[in-house]
> 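The structure that follows is given in the form of structure tokens.
Hydrogens, waters and symmetry mates play no part in the numbers below; they use all other heavy atoms, side chains included.
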Amino acid sequence: MHPFTKQELRKIYREKRINLTAQEFQSLNEQLMAQVMALDLRVHATIHLFLPIKGNHEPDTYAIAKWLRQEYPHMRLVLSRTERGTPGMRHFIWDNATVLTLNHWGIPEPESGTAVLPPEIDVVFVPLLAFDSHGHRVGYGKGYYDRFLGECRPTVRKIGLSLFEAETIIGDITVHDIALDACITPTRIWDFNTAP
């Protein structure tokens with residue numbers, strides 16, 4: 001059997017998410033959060049998060065942000081805003097003064113704030129629909145995160161969040177796809193920088 005393509009995996013995992021009951025979704029998020037809490041992020045000063053689209057059954061990053069703020073009060077949290085008509089994103093500190101508005105995809109984004117440049121970011125929590133056992137991910141297909149990660153320092157830590165486990169391999173990875181360093185699921189933390 002051939003590995004699934006990104007387009008096939010987008011369809012499969014969108015359906016998997018949609019079909020989760022409210023109870024399953026809550027349970028998976030609680031298990032995911034328990035894995036996130038095993039991370040040691042003490043040496044990192046600036047962490048980039050994404051916020052979930054309501055109704056899409058994406059990982060609850062609000063819970064992650066709450067934990068980060070309690071555990072690491074001096075850490076800076078950063079959110080992005082997509083720039084309509086351009087392929088890029090701008091990044092802003094997320095604090096108590098931040099006003100969030102929904103963009104045209106339903107993603108909560110900061111209206112404005114203190115700007116942060118990609119090389120200042122230490123860790124990026126990366127959204128995805130699916131990932132494989134080699135650290136490759138399937139996003140929504142717009143390329144925003146591959147472009148953004150390409151602007152970060154080579155040492156930036158790229159951590160995916162998934163409510164489902166890894167595919168063995170994604171069939172149509174290209175040289176432009178930036179691999180993850182790790183991916184957190186409800187059952188484990190996949191580390192792609194160590195030999196199996």
> Quick one, I178 and F148 - any side-chain contact, counting heavy atoms below 4.5 Å?
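No, their side chains stay 4.5 Å or more apart.
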> Between CD of E24 and CG of N19, what distance do you get to the nearest 0.5 Å?
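If we round to the nearest 0.5 Å, E24:CD and N19:CG are 9.0 Å apart.
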> Supply the atom-to-atom distance E151 CD to R147 CZ, rounded to the nearest 0.5 angstrom.
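Going from CD on E151 over to CZ on R147, the span is 9.0 Å.
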> For Y144, give me all partners under ring pair (Phe, Tyr, Trp, His ring centres under 6.0 Å), at least two apart in sequence or on another chain.
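Applying ring pair (Phe, Tyr, Trp, His ring centres under 6.0 Å) to Y144 gives W105.
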> Sort out for me which residue in V138, L128, D172 forms a side-chain contact (heavy atoms from CB on, under 4.5 Å) with L9.
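Result for side-chain contact (heavy atoms from CB on, under 4.5 Å) with L9: V138.
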> Does I159 offer a backbone N or O that forms a donor-acceptor pair with the side chain of D181 under 3.5 Å?
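Not at all, since once roles are kept as given, no pair shorter than 3.5 Å links the two residues.
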> Once rounded to the nearest 0.5 Å, what's the spacing between atom OG1 of T187 and atom CG of L163?
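Here the rounded value is 11.5 Å.
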> How far apart are the closest heavy atoms of S162 and L32, and which atoms are they?
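Residues S162 and L32, closest heavy atoms: O-CD1, 3.6 Å.
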> Can you give me the closest heavy-atom contact between L102 and G106, atom names plus distance?
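So the two residues come closest at CD2-O, 3.6 Å.
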> Looking at CG of L79 and CE of M89, how far apart are the two atoms once the value is rounded to the nearest 0.5 Å?
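Between L79 CG and M89 CE, I get 10.5 Å after rounding to 0.5 Å.
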> For V126, is there any backbone N or O sitting under 3.5 Å from a side-chain donor or acceptor partner on Y145?
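Pair absent, no side-chain N/O of Y145 close to backbone of V126.
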> For a 4.5 angstrom cut-off between non-hydrogen side-chain atoms, does I169 reach H134?
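The answer is yes, as the side chains (C-beta and beyond) meet within the 4.5 Å cut-off.
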> Roughly how far apart are F4 CZ and I170 CD1, rounded to 0.5 Å?
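Between atom CZ of F4 and atom CD1 of I170 there are 12.0 Å.
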> Quick check on the hydrophobic clustering: are I18 and I107 connected, directly or via other members, by side-chain heavy-atom contacts under 4.5 Å?
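Not linked; separate clusters.
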> Using the salt bridge (Lys or Arg N to Asp or Glu O under 4.0 Å) rule, collect all pairs that involve residues 93-110, keeping only residues at least two apart or in two chains.
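Matches after skipping sequence neighbours: none remain.
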> Is the shortest heavy-atom distance from the side chain of E111 to the side chain of F92 under 4.5 Å?
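E111 vs F92: side chains apart.
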> List for me each residue that meets side chain to side chain contact (heavy atoms under 4.5 Å, CB included) alongside Q23, sequence neighbours excluded, and say none if there are none.
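With sequence neighbours excluded, Q23 shows a side chain to side chain contact (heavy atoms under 4.5 Å, CB included) to T21, given in chain and number order.
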> Do I189 and L161 belong together in a cluster built from hydrophobic side chains that touch within less than 4.5 Å?
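Same cluster.
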> Using the side chain to side chain contact (heavy atoms under 4.5 Å, CB included) rule, take W67 and Y72 through it: C-alpha gap first, then chi angles, then the decisive distance, then the call.
CA-CA 8 Å; W67 173 73; Y72 307 102; 4.0 Å; yes
> Between V43 and V78, is there a shared hydrophobic cluster once you connect ILVMFWY residues whose side-chain heavy atoms come closer than 4.5 Å?
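In one cluster with V43: V78, no.
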> With no hydrogens and no angle check, just 3.5 Å: does a side-chain donor-acceptor pair link Q31 and Q35?
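Q35 and Q31 do not have a side-chain donor-acceptor pair below 3.5 Å.
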> Can you check whether G171's main-chain N or O pairs, donor with acceptor, with T5's side chain at less than 3.5 Å?
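Not at all, since once roles are kept as given, no pair shorter than 3.5 Å links the two residues.
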> Do the charged groups of E15 and K11 touch, with an N to O distance under 4.0 Å?
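Yes, charged N to carboxylate O under 4.0 Å.
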> Would V99 end up clustered with W94 when hydrophobic side chains under 4.5 Å apart are linked, directly or stepwise?
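Different clusters: V99 never reaches W94 through Ile, Leu, Val, Met, Phe, Trp or Tyr contacts under 4.5 Å.
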> Please walk me through it: do I93 and V116 pass side chain to side chain contact (heavy atoms under 4.5 Å, CB included)?
CA-CA 7 Å; I93 298 292; V116 175; 3.5 Å; yes
> Using atom types as modelled and distance alone, determine if a side-chain donor or acceptor of D177 lies under 3.5 Å from a backbone N or O of T174.
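The answer is yes, because a donor-acceptor pair under 3.5 Å joins these two groups.
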> Could you check whether any side-chain N or O of R90 sits under 3.5 Å from a backbone N or O of S80, counting only pairs where one atom can act as donor and the other as acceptor?
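Not a single qualifying donor-acceptor pair exists.
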> Examine L117 and L77 and state if one hydrophobic cluster contains both, with Ile, Leu, Val, Met, Phe, Trp and Tyr joined whenever side-chain heavy atoms are less than 4.5 Å apart.
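L117 does not cluster with L77.
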> Shortest non-hydrogen contact from P110 to R81?
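In this case the closest contact between P110 and R81 is O-CD, 3.1 Å.
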> Pairs of donor and acceptor atoms involving the side chains of residues 57-66, under 3.5 Å and at least two apart or interchain, shall be tabulated with distances.
unit_1, atom_1, unit_2, atom_2, d
H57, ND1, R17, O, 2.5
E58, OE1, I53, N, 2.6
E58, OE2, Y140, OH, 2.4
D60, OD1, Y62, N, 3.1
D60, OD1, A63, N, 3.3
T61, OG1, F50, O, 2.6

> Tell me every residue that passes ring pair (Phe, Tyr, Trp, His ring centres under 6.0 Å) with H136, counting only those two or more places apart in sequence or in another chain.
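In terms of ring pair (Phe, Tyr, Trp, His ring centres under 6.0 Å), with neighbours along the sequence ignored, H136 is linked to no residue.
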> Start with the C-alpha distance between V36 and L68, add both sets of side-chain angles, then the distance that settles side chain to side chain contact (heavy atoms under 4.5 Å, CB included), and finish with yes or no.
CA-CA 10 Å; V36 169; L68 288 170; over 6 Å; no
> Counting only heavy atoms not in D40, do more than 12 sit closer than 6.0 Å to its CG atom?
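Yes, because the 6.0 Å sphere around CG of D40 holds more than 12 heavy atoms from other groups.
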> Which pairs count as salt bridge (Lys or Arg N to Asp or Glu O under 4.0 Å) when at least one residue sits in residues 114-140, sequence neighbours excluded?
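Checked against salt bridge (Lys or Arg N to Asp or Glu O under 4.0 Å) - neighbours excluded - the pairs reaching residues 114-140 are R76-E120, D122-R153, R137-D146.
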> Between CZ of F125 and CG of L39, what distance do you get to the nearest 0.5 Å?
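Interatomic distance, F125 CZ to L39 CG, rounded to 0.5 Å: 5.5 Å.
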> Start with the C-alpha gap between I12 and K16, add the side-chain angles, then the distance that decides, and say whether side chain to side chain contact (heavy atoms under 4.5 Å, CB included) holds.
CA-CA 6 Å; I12 291 165; K16 279 180 124 176; 4.3 Å; yes
> Please determine whether the number of non-hydrogen atoms from other residues, nucleotides or ligands lying under 6.0 Å from atom NE2 of H176 exceeds 12.
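Counting neighbours around NE2 of H176, 12 or fewer heavy atoms of other residues, nucleotides or ligands fall under 6.0 Å, so no.
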